[in-house]
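Positions are given from 1, in the same order as the sequence printed here.
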Amino acid sequence: MRFPLWAAVAAMALAGCVSMEYSGEKLPPKDADSKVSVYTDSAKITRTYKVLGTATVSGNYREVSRDRMVEKLRSEARKCGADAILIVEQQVISDGDRVSGNPVFSTAFDYDESDGNWSRLSRDVDQNFANSNRNRTSTAAGSVNNFRRVIRAEFLRYLDPAPAAQ
């Protein structure tokens with residue numbers, strides 16, 4: 001039995017994909033060249049803003065980095081007219097679990113990149129989730145769970161003008 005070429009191409013294309021869902025308002029961008037800021041703590045946002053909507057990105061834990069997911073969020077936020085992104089939740093789930101629903105998230109603040117805790121999250125997942133599932137099998141004998149990285153964020157639009165440069 002031959003494996004069809006189109007199936008191999010489709011499998012390679014799906015490897016490392018970032019899935020994105022957005023629900024909310026879309027406005028024209030203020031400036032096509034402006035950079036979308038990323039926050040993990042709303043207390044660090046010094047400007048008045050409104051929430052345009054919420055976005056969820058996910059990807060295979062081993063194949064898709066957090067940085068790649070944040071870049072996907074930035075790209076989509078820019079298209080929706082957002083000035084900033086507030087990462088509000090993140091989690092790692094088994095590939096068989098649903099991304100939507102009521103999963104238990106850690107707050108992004110718990111793993112804020114400013115103090116290096118994102119690497120702690122990776123260690124937590126590698127040591128706790130992956131190792132504990134190494135001996136578990138699904139309905140197919142010998143298979144182990146794969147994990148998905150999920151980040152939820154709010155797209156923000158500033159309401160006040162940018163501070164004057166000094």
Non-hydrogen side-chain atoms of Tyr22 and Leu52 separated by less than 4.5 Å: yes

Test: Glu25 and Lys50 ion pair at under 4.0 Å: yes

Taking the side chain as every heavy atom from C-beta outward, state whether Ser94 and Tyr61 have any pair of such atoms under 4.5 Å apart. no

Ile151 and Arg66 have their tightest heavy-atom pair at CD1-CG, 4.0 Å

Please examine the side chains of Val38 and Ile87, heavy atoms only from C-beta on, and report whether any two atoms are closer than 4.5 Å. yes

According to salt bridge (Lys or Arg N to Asp or Glu O under 4.0 Å), who are the partners of Lys26, at least two apart in sequence or on a separate chain? none

Any side-chain heavy-atom pair of Val36 and Phe155 under 4.5 Å: no

Gap separating the OH atom of Tyr158 from the OG atom of Ser37, nearest 0.5 angstrom: 4.0 Å

Once you round to the nearest 0.5 Å, how far does OG of Ser34 lie from CZ of Arg78? 7.0 Å

Heavy-atom side-chain proximity of Ile85 to Glu154 below 4.5 angstrom: no

Under a 4.5 Å cut-off applied to non-hydrogen side-chain atoms, are Arg74 and Lys35 in contact? yes

Please report the interatomic distance CG(Asp83) to CG(Leu27), rounded to the nearest 0.5 Å. 9.5 Å

Output all residues satisfying side-chain contact (heavy atoms from CB on, under 4.5 Å) with Ser75, sequence neighbours left out; order by chain, then residue number. Lys79

I'd like to know if the side chain of Arg152 and the backbone of Thr56 have a donor-acceptor N/O pair within less than 3.5 Å. no

Is any side-chain heavy atom of Ile93 closer than 4.5 Å to one of Val150? yes

Any donor and acceptor pair, going by atom type alone, linking the side chain of Arg149 with main-chain N or O of Asn60 inside 3.5 Å? no

Atom OG of Ser58 and atom CE of Met20: how far apart are they, to the nearest 0.5 Å? 10.5 Å

Inter-residue atom distance Leu73.CG - Leu86.CG, 0.5 Å rounding: 11.0 Å

Compare every heavy atom of Asp160 with every heavy atom of Arg47, then report the nearest pair and how far apart it is. NH2-O, 2.6 Å

How many angstroms lie between OG1 in Thr54 and CD in Glu21, if you round to the nearest 0.5 Å? 9.5 Å

Flag the pair Arg148 / Gln91 as yes when at least one side-chain heavy-atom distance between them is below 4.5 Å, and no otherwise. no

Sequence neighbours left out, what passes side-chain hydrogen bond (donor to acceptor under 3.5 Å, both in side chains) with Asp67? Give chain and number order. none

